[in-house]
Each structure stands twice: as structure tokens, then as C-alpha cells.
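Reading through the C-alpha cells given below for one structure.
The structure presented is a predicted model; accordingly, all values stated were derived computationally and were not measured. Sequence lines set the chain letters: A, B, ... in the order given, protein chains first and strands last, and positions in each chain run from 1. Worth knowing before you read on, the calculation uses all heavy atoms, side chains too, and leaves out hydrogens, waters and symmetry mates.
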Amino acid sequence: MRVSRLMLVTLRDDPAEAEIPSHKLLLRGGYMRRVASGVYAYLPLLWRVLSKISAIVRQEMNATGALETLLPALQPASLWERSGRWQGYTAGEGIMFHLVDRQERSLGLGPTHEEVITALAADLLRSYRQLPVSLYQIQTKFRDEIRPRFGLMRGREFIMKDAYSFHADEADLRLTYARMDQAYRRIFSRCGLRTVAVEADSGAIGGSASQEFMVTAAAGEDLILSSADGRYAANQERACSLPEPAVPLVCPSPEAVELHTPGQHSIEDLCAAHGLEPSQTVKVLLLLARCAIGQARVVLVSLRGDQQLNPTKLANAVSAAVGEGAGALLELEPISAEQIRSEGLPEWPLGCLGPHLGDELLSGARSWHPAFLRLADATAAELDVFVCGANRPDTHLVGARWEALGGARPSVADLRSAQPGERCLQDPTQRLEASRGIEVGHIFQLGRKYSQALEATFTNEQGLDEPLWMGCYGIGVSRLAQAAVEQHHDQQGICWPVAIAPFEVIVVVASAQDPVQVALGETLHDKLEQAGLEVLLDDRSERAGVKFKDADLIGIPWRVVVGRGAASAQVELVERASGAKSEMAADAVVAQLQQTILAARGGLALGSS
RNA sequence: CGGGAUGUGGCGCAGCUUGGUAGCGCACUUCGUUCGGGACGAAGGGGCCGCAGGUUCGAAUCCUGUCAUCCCGACCA
């Protein structure tokens, strides 16, 4: 391929819209253009990268025995109503693009395909004799993200590989899950990525066990907490740790004593004013939970004063507490004084709340459920004696005890965010370290959530019908491409790993005016292609410096410079990533590159997709 | 949706405070000189100043509204 025919337009300046290196470089290198917020045109160079990643994904998925398929992006609402996810995915902060067709039927653009695949499974899978079976597809997904970000990192339209497995029992699901785990590790390693597998929250997809694969990079959106020995790693949303022990509260009197605390509405103010430690206090947070079905509920969360609330864990706890009858949890937001007023309720002593806040405060609420949903983190529930709000303005209680406070006791759950520096649960001698990661893959054991909802059953060996066991497995293909750039770049530009580079070699003719150089460049290009390599020939009549800069920017792993030595058939070979240069005979360079590159491809032969 | 910022040739920006001929660098075209790390000179083409109202003799500039994009939070591959 000739650069002059490549429609290559590189930019000298960073586009103002890009913030992180990979986004800037993909725009500057002429790999993509933004069409709308979170929507990108993949230009020819990027499409080659995406195709190579897809080819690796295909090989590894096929090796697990999964079958490639292609499901519709346009999906009927009725299917999503059957799984109970239509509301959650379209109302409130739902992310599904949806529309109404000329027959007034509601449709959505697939953000994921559990519904479609499960309906197909219900239709096609009848007997345990057909199981297990796995299907996958590589396809464009649509998600109306609340905030698209960083180019391909969080797009509203993006390429994803999603796979679904079906099993007769849970043990078999675990086997495939483990096989997918191994396949994923091979995929990322073949793409040249350093990844870490972390325990993850299952989120809206649901199900039990799940694991994310993170490309470690400073620009990552997720915080990973891991032990130094690498045996424990989890997304902060999910991570657990041993909290520091609370500082004991010395309290001579068995009765709680009132403390005048004017204007001390935060834990910091309270502790500073009275010489207390945050771990001696219990703070109370009020949130409003809106579910698809039923009244909004006020959630009263008790946390030890030094702990941070983990919104993901709280959302899971609330969902579990309200039960399936309430449908999907649509929204969980802190309550404001205005909201309390607009419910027609008298003012609450915000800032001085205690865990024993009575349900009578909710009586007469216009739309809210008349009782608090009471939850407490274990660190708070374990305190024998503590400081908390007195539920009266400017007043706290010192020496409060759960049994003495009276009122309804909260359900105890893990609601706190693990923090870097805390001790690991499985090995208290180690402490959690923080790093950032880009989530490029996520695997789930879904269990029977979707098969039950969509009545996807099979007949087991005993002749009885039962719901299928399911797993699902995603890779963000377009995100992976950008994550690779985030991990492999320098001041000059991208340094693609050979396995996913758009081209493997670029032959740069230093002077397009010199017929000897031009001829040698052409010859080399042809020979390298005949050797089975993917070769770019920079035949433009630019000055050498411009071509070198562009070659570095677009990040082709190997550069062959045909220049001054052309008359004596000498060329220069430069490795992009290391910058290592060597002079050699033009004849020798073909064999050398063939050997090096074929090895670096990791078994992916040309055109093997 | 809340908070912050920005919209001026393809890209990066100045001009706006104090209203009066729309500018600079890069890119593009032509010519000449140059030619191994984003050359130099000359000539040239390209802009509804995001959009819509308003104020004014006159608006890129002032006012109102609106749209879009980016950043910080909730969502996720």
C-alpha cells in the first residue's frame, strides 16, 4: 500500500476536543474522525487495527468451541419487557436508544444482547443433549451514555464482541466461564496488552460471579485495588478490605449524654469541635430510591464516621432489600431539603440525624413509602458505643448504643468503599494498592436470571423442563484499540504492538527525487509483501523529515529507510518502539523482518480472519 | 440532569474589555530554491464569526434565547 493513496491526513496540533494521549494520537494520526458526541468514523488505518483485533478474538473464541453469529441491533421492546429491563434501560438514566416505528411499535437499538440470545435459546435449545453451547458476535453496540468520553473509550456507538453460553447445570457453566477466562487472557496478551483480572460488580447485567479485565493505564476510568503479591485485585466498586479498628470511645455513663453542636453538620466539624475521632461516630445518610414499580423509598444508611459510602454496594443492597417485586432500581440519589418539603413533610434535623430516626417523620408523605429502608454498614453496626445525631437541631448524642437507641434496627450489609492502604481481607499483612485501569473485558456467570424471565428451558436427563444456565462474556473491541494506544505510545506518537498494527513495516523513500532510491523502495516494498508482510510504502514527495515524523506518529512497528545508501543497496532498519537503528544490505532486511514479524504476530497469519 | 468551560476557513488560535474593512500559524494550490527528523521565498484559493432574535446608522464584539462540543459527578465494553 502506498501512503500517497491512503487518504492519510495527519495533524500537527492536538485537537482541542481530546484530553488523553490515546485520543489525541488517534485523531492526529488520521485514524478516526468524530461524527457526533461519542460517535466516530473509523478510517482505513483504524479499521485495519480493529480487524486484526477481531481476528485474534475470533481465533480464540473459535478455539473455545464458540460459534460465531450475528444478531440484530434493532430489537423489539416486547422482548425487553419480558426480561423486565425495558423500563430500566429506557426510563430515567437508561442507556438504550429507542424509537417507535410506523406501526407504533417500540423498538430499541441493542446495548447488549441477553434478551435476543435467550429468546433464540428458548426457541432452539430443547434438550440437555445440545448443551453446552456458546455463541458470539462482533458487532456495533448502541448505548446512549450519560457522558461519552475520551474518544473510543466510552462511545455511544462502539464495536463489541459479546458471547453467551448455555448449560444444563451450574458446574458446567463454571467450566466454560473458566475457559473464557483463559481465552480472554490469551486475547489480551496476544494484542500486546498488559492487563489485570479483577473481581467486579455485575451491574445491570446481573448474575453472580463476574470478573473484569483491565488494561492498566493512568487514564483509566476505574480504580483497581490490589494486593502487592497480585493474588487479590478488585474494582473499587466491589473491593473489600479490613477497616482500621475504631478508636474506643471512653464513656463512663451507661446513658447517652446530649452534646450541644450548633452549626456542626459534618463529621469533620463535629470531631474538630469536641476532640472526637471520626471512627467513634455514626453518620446517617438519606437517599431516595426509585424503582420501576411502587413508591419511592427513603433509604437511611448508617456508616461509621470515617468510612466512605460505596454507591455500587448500596445499590445492590437496596435492590436486594426491596425485592424483585419492585422491579429495577432506577435511581438512588441523596435527598434534598426541597424534596422533603415538596412531599409536604415538616423540616428534618439534617446534619444531626441519628440511626434511630423514626418512621413517623414519613407519615403524610405525598408519594414516598411511609417507612425508612434502614441499612447499616458492618463497621457502624459493630460499634458498642458511639456518637451520633440526636435527631434534634444542634444536638448530638455521646455514648449512644444500638440497643438503647430503640426503634427499628437496620439490616447490616457491606456498604463501605475499600480504600488504598487498608489491609487485605485474605492476608492482613498486605495492604491494598491503588492503580487505574481501562475495562476492556468483562465475563459474567448469569445463572438463570434471563432464562427464567424469558422461559428458556430445556429438558434434562430426567425428562423434566428446567431453565438454562447462562454465562455472558464481553470485549470492547474499539475500546481495546484505544487502550492499546494508551499503553503503547511515546512523545513522537503511537508504538503499535506488531500483532495489531495497521501495517507491520513502512518503507520510507528519503528522497522521492532520487530514481535509485525510488526504485529500491519499490523493490523492497514488493519483496516484503511477497514475504507475507503488511507493508506501507511512503512514496510521497515530502521531505524526509515529514515522512519520519508521520511514520512515528502513526506508529508502524518497523521502518525501512531507503536513503543515501541506496546506490550501494544499503538501507536502515528502525524499530519504532525502541528507536534501535541498524544499517544493512537491502537483501538482508527482508529475511530479517520476515523472521521477526512472523514471530511477533503470535500465530495470526495474514488473512486468517 | 447538576457544576465548569468553549464555539471565528480543514486543524490550532488571536480579535470581543472600549461596536466601524475578519486576522495569525499550520494545512491546501502554483512557481522557484531546497532535500535524512514537521524547509525557505513569492503568489493564490477558501470563513453564513454555532444558530435565532434584539439593541444600534452599524454587531464576531453588547443583550436575550437556543444548539453543539469538551471537562468534573451518576452509567459501562
Side-chain angles (χ1 to χ4, degrees), chain A residues 9-20 23-24 27-28 30 33-39 57 88-89 92-96 111-112 138-141 143-163 184 200-205 210 212-215 221-222 235 237 287 311-312 314-315 330-334 336 438-444 472-483 492-493 508-514 517 541-553 559 561-566 571-572 574 579 581:
Chain A
V9 177
T10 56
L11 304 175
R12 203 177 282 218
D13 298 309
D14 287 332
E17 71 189 49
E19 205 70 19
I20 61 173
H23 189 193
K24 290 178 182 172
L27 289 170
R28 281 190 55 206
R33 285 287 163 121
R34 190 180 62 78
V35 172
S37 177
V39 179
V57 168
Y89 267 74
E93 297 195 330
I95 55 162
M96 182 150 61
T112 175
I138 296 172
Q139 183 216 38
T140 298
K141 293 281 189 279
R143 292 184 185 174
D144 194 0
E145 291 287 344
I146 303 162
R147 185 150 90 88
R149 241 197 290 218
F150 302 147
L152 305 182
M153 287 298 189
R154 180 177 300 281
R156 295 194 298 165
E157 179 181 322
F158 61 97
I159 301 174
M160 178 174 173
K161 186 284 300 183
D162 49 327
Y184 270 44
D201 181 69
S202 300
I205 306 289
S210 94
E212 290 168 337
F213 293 85
M214 299 283 193
V215 170
E221 293 186 83
D222 291 281
N235 194 311
E237 293 176 346
L287 299 97
T312 305
L314 177 66
L330 300 180
E331 202 182 295
L332 187 57
E333 293 293 328
S336 66
I438 301 162
E439 182 187 350
V440 292
H442 199 160
I443 58 179
F444 301 80
C472 87
Y473 318 90
I475 290 179
V477 172
S478 43
R479 179 186 280 183
L480 190 157
Q482 188 172 330
Q492 306 306 314
V508 175
V509 176
S511 170
Q513 274 71 47
D514 180 347
Q517 289 184 24
S541 54
E542 293 287 348
R543 294 161 60 91
V546 172
K547 298 193 223 185
F548 294 152
K549 288 285 185 190
D550 274 344
D552 287 349
L553 177 61
R559 186 174 88 207
V561 183
V562 180
R564 295 191 203 93
V571 296
E572 184 186 58
V574 186
K581 298 178 181 180

Self-check item: Complementary nucleotide for G73(B) - Watson-Crick or wobble, under 3.5 Å
Solution: C1(B)
Practice problem: Verify the distance criterion only: is there a donor paired with an acceptor across the side chains of D550(A) and T10(A) at less than 3.5 Å? | Solution: yes
Quiz item: Quick one: does Q482(A)'s side chain get under 4.5 Å of H23(A)'s, heavy atoms only?
Solution: yes
Exercise. Nearest whole angstrom, please: distance from the P of C75(B) to the CG of D222(A).
Key: 11 Å
Quiz prompt | Identified side chain to side chain contact (heavy atoms under 4.5 Å, CB included) partner of R149(A) from the options R147(A), E145(A), M153(A) | solution = R147(A)
Quiz item: Mind checking the C1' distance from G47(B) to G3(B)? Whole angstroms is fine.
Solution: 34 Å
Quiz item: When the C1' atoms of G25(B) and G9(B) are considered, how many whole Å apart are they?
Solution: 13 Å
Quiz prompt | 5'-most by nearest nucleotide on RNA chain B - A18(A) or M153(A) | solution = A18(A)
Quiz item: Side chains of R143(A) and R156(A): does their closest heavy-atom pair fall under 4.5 Å?
Solution: no
Quiz item: Whom does A27(B) pair with, Watson-Crick or G-U wobble, provided both distances fall under 3.5 Å?
Solution: none
Quiz item: Looking at S511(A) and Q517(A), what are the two nearest heavy atoms and their distance?
Solution: N-OE1, 2.7 Å
Quiz prompt | Option from D144(A), V35(A), T140(A) for which side chain to side chain contact (heavy atoms under 4.5 Å, CB included) with E157(A) holds | solution = T140(A)
Quiz item: Taking the same atom, P, in C11(B) and in A77(B), what whole-Å distance lies between them?
Solution: 33 Å
Practice problem: Return the value, rounded to whole Å, for the distance between atom CE of M96(A) and atom P of A77(B). | Solution: 15 Å
Quiz item: Do F548(A) and V561(A) have side-chain heavy atoms sitting under 4.5 Å apart?
Solution: yes
Quiz item: OP1 or OP2 of C70(B) less than 4.0 angstrom from a side-chain nitrogen or oxygen of S37(A), does that happen here?
Solution: yes
Quiz prompt | U55(B) versus C13(B) - spacing of their C1' atoms, nearest Å | solution = 30 Å
Please tabulate, one pair per line, each protein N/O and nucleotide N/O from nucleotides 71-74 of chain B that are separated by under 3.5 Å, including the distance.
| residue | atom | partner | partner atom | Å |
| --- | --- | --- | --- | --- |
| C72(B) | OP2 | R147(A) | NH1 | 2.9 |
| C72(B) | OP2 | R147(A) | NH2 | 2.3 |
| C72(B) | O5' | R147(A) | NH2 | 3.4 |
| G73(B) | OP2 | R149(A) | NH1 | 3.4 |
| A74(B) | O2' | E93(A) | OE1 | 3.4 |

Quiz item: Which nucleotide, in any strand shown, forms a Watson-Crick or G-U wobble pair with C40(B), with both distances under 3.5 Å?
Solution: G32(B)
Quiz prompt | Pairwise P distance, C63(B) and G19(B) [rounded to whole Å] | solution = 12 Å
Self-check item: Reading 5' to 3' through nucleotides 35-41 of chain B, protein heavy-atom contacts under 4.0 Å coded B for base, S for sugar-phosphate only, - for none
Solution: BBBBB--
Quiz prompt | E145(A) CD - C70(B) C1' separation (whole Å) | solution = 16 Å
Exercise. Starting from P on C75(B), measure out to CZ on R479(A) and report it in whole angstrom.
Key: 14 Å
Exercise. Specify the separation, in whole Å, of atom CD1 of I95(A) and atom P of C1(B).
Key: 18 Å
Practice problem: Provide the Watson-Crick or G-U wobble partner of A22(B), both distances under 3.5 Å; none if there is no partner. | Solution: none
Quiz prompt | Non-hydrogen atoms of A566(A) and V562(A) that approach each other most closely | solution = CB-CG1, 3.9 Å
Quiz prompt | Euclidean distance, atom OH of residue Y184(A) to atom P of A77(B) [Å, nearest integer] | solution = 10 Å
Quiz item: Considering only heavy atoms from C-beta outward, does the side chain of E439(A) approach that of E221(A) to under 4.5 Å?
Solution: no
Practice problem: Identify the nucleotide, in any strand shown, that forms a Watson-Crick or G-U wobble pair with U61(B), with both distances under 3.5 Å; if there is none, say none. | Solution: none
Practice problem: Please state the C1' separation for the pair G46(B) and A22(B) - nearest whole angstrom. | Solution: 13 Å
Quiz item: Does any donor-acceptor pair link the side chain of R154(A) with the base of C76(B) at a separation under 3.5 Å?
Solution: yes
Quiz item: Minimum heavy-atom separation for G474(A) to Y184(A), with atom names?
Solution: N-OH, 2.9 Å
Quiz item: Between G7(B) and U61(B), how far is it from one C1' atom to the other, in whole Å?
Solution: 14 Å
Practice problem: Quickly work out the E157(A) CD to A77(B) C1' distance and round it to whole Å. | Solution: 14 Å
Quiz item: Should U66(B) form a Watson-Crick or G-U wobble pair with both distances under 3.5 Å, which nucleotide is its partner?
Solution: G50(B)
Exercise. Using a 4.5 Å cut-off on heavy atoms from C-beta on, say whether the side chain of D201(A) contacts that of N235(A).
Key: no
Exercise. Would you check if Y89(A) and I95(A) make a side-chain contact, meaning some heavy-atom pair closer than 4.5 Å?
Key: yes
Exercise. Send over the distance from K24(A) NZ to G12(B) P, rounded to a whole Å.
Key: 12 Å
Practice problem: May I ask you to say what D14(A) touches in the nucleic acid, namely base, sugar-phosphate or nothing, with a heavy-atom cut-off under 4.0 Å? | Solution: sugar-phosphate
Quiz item: Between atom CZ of R34(A) and atom CG of L27(A), what is the distance when rounded to the nearest 0.5 Å?
Solution: 9.5 Å
Quiz item: With rounding to whole Å, what would you report as the distance between A39(B) and C26(B) at their P atoms?
Solution: 10 Å
Any N/O pairs under 3.5 Å between the protein and nucleotides 46-49 of chain B? List them or say none.
none

Exercise. Indicate the atoms forming the closest heavy-atom contact of H442(A) with A200(A), along with that distance.
Key: NE2-CB, 3.6 Å
